[in-house]
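Let me begin by presenting the structure, written as structure tokens, before commenting on it.
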Amino acid sequence: MMKLKISVLAVASATILSGCFDRAGYETIPVKLETPEGVVTCQLYTPKRVMWDRAIAAPDGMTTEEANAYCVEEGQRQVDAYKASKG
């Protein structure tokens with residue numbers, strides 16, 4: 001019985017971690033940000049999913065990590081604005 005529980009838990013965990021979860025249903029319209037290096041286009045998600053926010057286009061010479069950081073920052077700004085509007 002214990003082996004069955006462990007097997008079920010392992011399969012469930014693998015399914016969740018394998019990327020079967022579709023984020024597309026949580027996407028917002030892409031946002032363009034003006035940065036000192038140029039325009040970064042971000043794919044943001046719902047206000048509760050800031051950790052998923054990422055760059056989908058960045059200026060030449062900007063690293064993916066730097067572009068993603070701008071997007072996460074913008075996502076957090078929108079989360080803060082959303083929370084403030086809810087009072």
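Computed over heavy atoms, backbone and side chain alike; hydrogens, waters and symmetry mates excluded.
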Side-chain donor-acceptor pairs of residues 57-67 under 3.5 Å, sequence neighbours excluded:
residue : atom : partner : partner atom : Å
T63     : OG1  : E66     : N            : 3.0

- Item | Distance-minimising heavy-atom pair for L33 and Y70 | CD1-O, 3.6 Å

- Query: Is a donor on one side and an acceptor on the other found under 3.5 Å between the side chain of N68 and the backbone of R54?
  - Reply: no

Run the side-chain donor-acceptor check on residues 77-87: report pairs under 3.5 Å with partners two or more places apart or on a different chain.
residue : atom : partner : partner atom : Å
R77     : NE   : E74     : OE1          : 3.0
R77     : NE   : E74     : OE2          : 3.3
R77     : NH2  : E74     : OE2          : 2.7
Q78     : NE2  : E74     : OE2          : 3.0
D80     : OD1  : Q76     : NE2          : 2.9
S85     : OG   : Y82     : O            : 2.7

- Query: Measuring from T46:OG1 to E27:CD, what's the distance to the nearest 0.5 Å?
  - Reply: 11.0 Å

- Item | Non-hydrogen side-chain atoms of Q43 and D53 separated by less than 4.5 Å | no

- Query: Would you say V40 and V72 are hydrophobically clustered, going by side-chain heavy atoms of ILVMFWY under 4.5 Å?
  - Reply: no

